[in-house]
There are 2 protein chains.
Amino acid sequence: MKTGMLGICGILAAAVVATSAIGDGHADKAIEAAVKARQSQMTLYSFNLGILGGMAKGDIEYDADAATAAARNLAALSQLDQSRLWPQGSDNVALGADKTAALPAIWETGSTAGEKGMALASAAIDLEQVAGDGLDALQGAMGAVGKSCGSCHESYRQKNE
Amino acid sequence: MKTGMLGICGILAAAVVATSAIGDGHADKAIEAAVKARQSQMTLYSFNLGILGGMAKGDIEYDADAATAAARNLAALSQLDQSRLWPQGSDNVALGADKTAALPAIWETGSTAGEKGMALASAAIDLEQVAGDGLDALQGAMGAVGKSCGSCHESYRQKNE
């Protein structure tokens, strides 16, 4: 868990590194790769949350092994080092809203994006512990996961309007 | 590590589950989501391998912390449970080559795709252990990783011709 948290906190360090490289074609390609990678990470969050959320809502029959596997995936994904996935200059103003929904606020002074990422990791680790203990336990632990997703999206993701 | 290997071996179990659902729209959406998720996993492999390979080839300056972080990411990714990412009917003949490069051979009797996935997990875990020990150590451990990628792609990924 410590490692994951360091990784998420590494966002700021990565931002500083990337700044010096902005403006040349190499940096553009690096930024494009980072955006694609973080969107891939979100896709994998979503895929596993689809299974867990489906069970929690009763759309998918609860299965202890499948719930545990999905929660373990989610916890592992949330602990990946993301320090290279969020270079400065990769927001939706710099790149355009068709490329990314990441708001510039992520990189602004006082940003709580790192803390929100840590909240997800913490909630996913808690979920992993109980996902196999029955539907009630799964439902109980899903709240904090959903809240951490929603909280970050509310502050830092462009809204679809 | 055991968990990851079980996850990869779960491919066959997932294939059986998916077969019964083929043919309705719900299954199509599930297959589409699985393809997108596994392609996202490949993107994250590639992103981390880009850092590690760049260092190994001398295109990026070796950095022990960055190498360790990327290798740890790769090892964690390779151990994710993939049992729901490879449903039967999600090959390039069934879906079209513009949707996936996954050859039907992945699902055929005698397929070694699971073993090849395990070889990647094993090589990535070995790499994680030594990635921070200097450029020579990194280079030495990258061979098995590259070989495992190439071996699976050679047998089970459609070639660009």
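Below, read A as the first sequence line, B as the second, and so on, with proteins coming before strands; counting in each chain starts at 1.
- S40(A) OG to K36(B) NZ: the interatomic distance, rounded to the nearest 0.5 Å, is 9.0 Å.
- Transitive grouping of hydrophobic side chains (ILVMFWY, heavy atoms separated by less than 4.5 Å) brings L49(A) and L135(A) into a common cluster.
- Of the residues N48(A), L74(A), L77(A), the one that meets the side-chain contact (heavy atoms from CB on, under 4.5 Å) test with L80(B) is L77(A).
- L120(B) is not connected to L103(B) by any chain of hydrophobic side-chain contacts under 4.5 Å among Ile, Leu, Val, Met, Phe, Trp and Tyr, and they are in different clusters.
- V130(B) is not connected to M55(B) by any chain of hydrophobic side-chain contacts under 4.5 Å among Ile, Leu, Val, Met, Phe, Trp and Tyr, and they are in different clusters.
- Looking only at side-chain heavy atoms (C-beta outward), R84(A) and I51(B) come within less than 4.5 Å of each other.
- For the atom pair CG of D81(A) and CG of N73(B), the computed distance is 5.5 Å after rounding to the nearest 0.5 Å.
- Within 6.0 Å of CD on Q129(A) lie more than 12 heavy atoms contributed by other residues, nucleotides or ligands.
- Residues A37(A) and T43(B) approach most closely at CA-CG2, 4.1 Å, considering heavy atoms.
- Counting non-hydrogen atoms of neighbouring residues, nucleotides and ligands closer than 6.0 angstrom, the CD atom of E32(B) reaches no more than 12 such neighbours.
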